Amino acid sequence: MLKSIYGTKDILPKDIGKWNHVETIVKNIFTAFNYKEIRTPLFEETALFSRSIGEETDIVSKEMYTFFDRSETSVTLRPEMTASVVRAFIEHSLATQFSLNKLFYIAPMFRQERPQAGRLRQFHQFGAEVLGSASPVLDAEIIILAFTILKSLGLKDITVKINSLGIASSRKTYLEVLKKYLEPHLNELSEESKKRFEKNILRIFDSKSENDILIMHDAPKLIDYLDEASKDEFETVQNILQKEHIPFVIDSSLVRGLDYYSKTTFEIVSGKVGAQSALCGGGRYDGLIELLGGAPNYGVGFAAGIERIILALQNEETALPEITPLDVYVVLLNKDLLNEYYLFANTLRKKHFKVEIDYLSRSVKAQMREANKLQAKYVALFGGEEFSENKIVIKNMTTSSQQVVPLEKAGEEILLSVGG
RNA sequence: GUGAGUAUAGCUCAGUUGGUUAGAGCACCAGGUUGUGGCCCUGGGGGUCGUGGGUUCAAACCCCAUUACUCACCCCA
């Protein structure tokens, strides 16, 4: 049997209601904040991602779907959206049309990781990128947006974690300090962390080894080494979040795995999705536009994983829409009138009722059962003896009462009864 | 890439020390009289027990291999 590719999943009709629900809320909230939707190609030149995300990162070094197309160009299925949005921003000179661009997207991403709960190889993110301003107000707005969306979806068990990485030069100073602190402990660290000491020392903060955590507990904190500007801006962000009643914790160990982040970073985690608890993450990336060949400019954004959010909602037992009920199910009583039956149902559809009919030539009883299963509010029984007088039976499925009405008035009658 | 676990109908699972035509619930289909649902009742379709070897008179059950999936590490949304 042919199956979907490992780590990919079909979203079946029974689940599509959840997705539409999420997407509707996402769009509504972004629209309220005047963010404009952007769509970019699923794949890009490989260099775009390796340059922006960072050659040494896990994403680039071992998780990308990279291949050569027929013209020997190295292309990659996008593992995240920021690089693509920034590329489009530069390519189309969006900065010259609006000095500030507030953009959002809802789109599939691809990373060849080992699948597990809340982690797929093709997964979906919604997110935002704000290009053109250094204002910490926007750092706060990004967090507010993400939090508001998750709350509006009904999530309760979520925590906002924030941190500031400062600018490159202050971070460099700090890294030296951290290195000095860790050197004497090097032998006590876990094997993983020893590797990180060389490769990406900040990641040692993420270690789950108890002993590592103990050692890192007393380590110097990045926050204490921030440059003045970053410190002030971080204060502003916190201040706004407090005034907006967004609960947050400062997590000095919050280090993002993509190279382009600077200053504010944040993450929102759920206690309900297993090991992959980060529903959403983001931060500021002021150097990225220049790095990708644009005029120096500012950027801040976030991305959220839709599969994880739906998982969290399910595990929190938040009610999600399943099936939307039918307005009218039309039952055919006389199989000789199939054409008239079909055309009649379409007249109702043209009046914007949600209508279903029987295509399988089933018994009246079976049709009624189907109507019930589809949660039809009304059943129209077409083609019985009333048909000779151009009439039809309309049955209200909740009250079980029914009446005979002229065919051409069926729509009005239903509308009347619905109370519309 | 590493580790652990699981593989029996569309779905959730039973299947007892290996022993005749492999089961249940849900779902699906038909019917319970002539033109009517939700409950209930009756009947039905559907599985080469992941795949390939092996042991045995006999294997869903034991052994080996293989594949797929799940969870976790890692990393991240």
Side-chain angles (χ1 to χ4, degrees), chain A residues 1 3-7 9 12 14 53 57-63 78-82 106-127 146 150 190-193 195-196 199-200 203 206-209 254-258 266-270 273-282 301-312 326 329-335 337 358 360 362-387 392-402 404:
Chain A
M1 186 173 58
K3 296 163 76 176
S4 73
I5 297 289
Y6 188 43
K9 279 220 162 40
L12 298 173
K14 72 179 171 64
I53 298 168
T57 60
D58 280 26
I59 293 179
V60 171
S61 63
K62 48 192 191 196
E63 296 172 4
R78 63 177 172 221
E80 59 110 40
M81 196 65 173
T82 304
I106 304 175
M109 307 295 158
F110 306 84
R111 291 182 202 173
Q112 190 165 356
E113 296 182 84
R114 217 34 174 260
Q116 71 184 75
R119 187 166 78 187
L120 291 174
R121 290 184 166 186
Q122 174 175 339
F123 61 103
H124 298 77
Q125 292 185 331
F126 65 81
L150 297 184
S190 67
E191 287 308 309
E192 265 313 310
S193 291
K195 278 185 218 154
R196 290 177 177 138
K199 239 177 68 185
N200 191 346
R203 293 228 72 93
D206 284 345
S207 175
K208 279 163 192 157
S209 142
L254 179 64
V255 180
R256 312 251 72 231
L258 288 72
F266 81 103
E267 207 167 83
I268 301 180
V269 299
S270 163
V273 291
Q276 306 300 318
S277 61
L279 299 185
C280 137
F302 79 95
I306 299 179
E307 281 86 354
R308 286 181 189 179
I309 288 169
I310 290 176
L311 238 175
L326 212 58
Y329 188 96
V330 189
V331 167
L332 179 59
L333 297 173
N334 177 353
K335 312 285 187 224
L337 297 171
D358 172 57
L360 301 174
R362 290 191 284 195
S363 68
V364 173
K365 183 189 213 119
Q367 292 183 61
M368 288 301 294
R369 281 184 174 151
E370 184 75 1
N372 192 60
K373 190 172 137 197
L374 297 173
Q375 296 178 24
K377 294 180 200 133
Y378 290 87
V379 163
L381 295 117
F382 181 92
E385 49 198 39
E386 305 81 3
F387 185 70
I392 188 166
V393 179
I394 304 288
K395 173 166 185 168
N396 180 321
M397 291 296 273
T398 36
T399 64
S400 290
S401 66
Q402 55 185 54
V404 181

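So you know, we letter chains A, B, ... as the sequences are listed, proteins then strands, and number each from 1. This structure is a prediction, so every number in the text was calculated from the model and none was measured.
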[X] vs [N]: side-chain N/O to OP1/OP2 distance below 4.0 Å:
X: A/Arg203; N: B/C76; value: yes
X: A/Arg119; N: B/A77; value: no
X: A/Lys377; N: B/G38; value: no
X: A/Gln116; N: B/U70; value: no
X: A/Thr57; N: B/C75; value: no
X: A/Lys373; N: B/C28; value: yes

Checking all strands, does [X] fall into the base, sugar-phosphate, or nothing category for heavy-atom contacts under 4.0 angstrom?
X: A/Gly274; answer: sugar-phosphate
X: A/Leu120; answer: base
X: A/Tyr6; answer: sugar-phosphate
X: A/Lys3; answer: sugar-phosphate
X: A/Leu333; answer: base
X: A/Ala371; answer: nothing
X: A/Arg362; answer: sugar-phosphate

Query raised in the report: Dot-bracket, RNA chain B: Watson-Crick or G-U, under 3.5 angstrom, [ ] crossing, | other strand?
Result: (((((((..((((.....[...)))).(((((.......))))).....(((((..]....))))))))))))....
Any N/O donor-acceptor pair, [X] side-chain to [N] base, under 3.5 Å:
X: A/Glu386; N: B/G35; answer: yes
X: A/Gln402; N: B/U36; answer: yes
X: A/Lys365; N: B/G35; answer: no
X: A/Arg196; N: B/C74; answer: no

Of the options [options], whose atoms approach the side-chain atoms of [X] most closely?
X: A/Ser400; options: B/C75, B/A77, B/G38; answer: B/G38
X: A/Gln276; options: B/C75, B/G31, B/G37; answer: B/C75
X: A/Val393; options: B/U36, B/U70, B/C76; answer: B/U36
X: A/Arg369; options: B/G35, B/C40, B/A72; answer: B/C40

[atom1] spacing across the pair [N] / [M], given as an integer number of angstrom:
N: B/C13; M: B/G53; atom1: C1'; value: 29 Å
N: B/C29; M: B/C39; atom1: P; value: 14 Å
N: B/G47; M: B/A24; atom1: P; value: 15 Å

Query - Value rounded to 0.5 Å, distance of CD in A/Gln276 from CZ in A/Arg119 - result: 5.0 Å
Query raised in the report: Which comes earlier along RNA chain B counting from the 5' end, the contact point of A/Ile5 or that of A/Gly118, where each point is its nearest nucleotide?
Result: A/Ile5
Rounded distance (Å) that lies between atom [atom2] of [N] and atom [atom1] of [X]:
X: A/Glu113; N: B/U70; atom1: CD; atom2: P; answer: 14 Å
X: A/Arg114; N: B/G3; atom1: CZ; atom2: P; answer: 9 Å
X: A/Ile392; N: B/G35; atom1: CD1; atom2: P; answer: 16 Å
X: A/Lys9; N: B/A77; atom1: NZ; atom2: P; answer: 20 Å

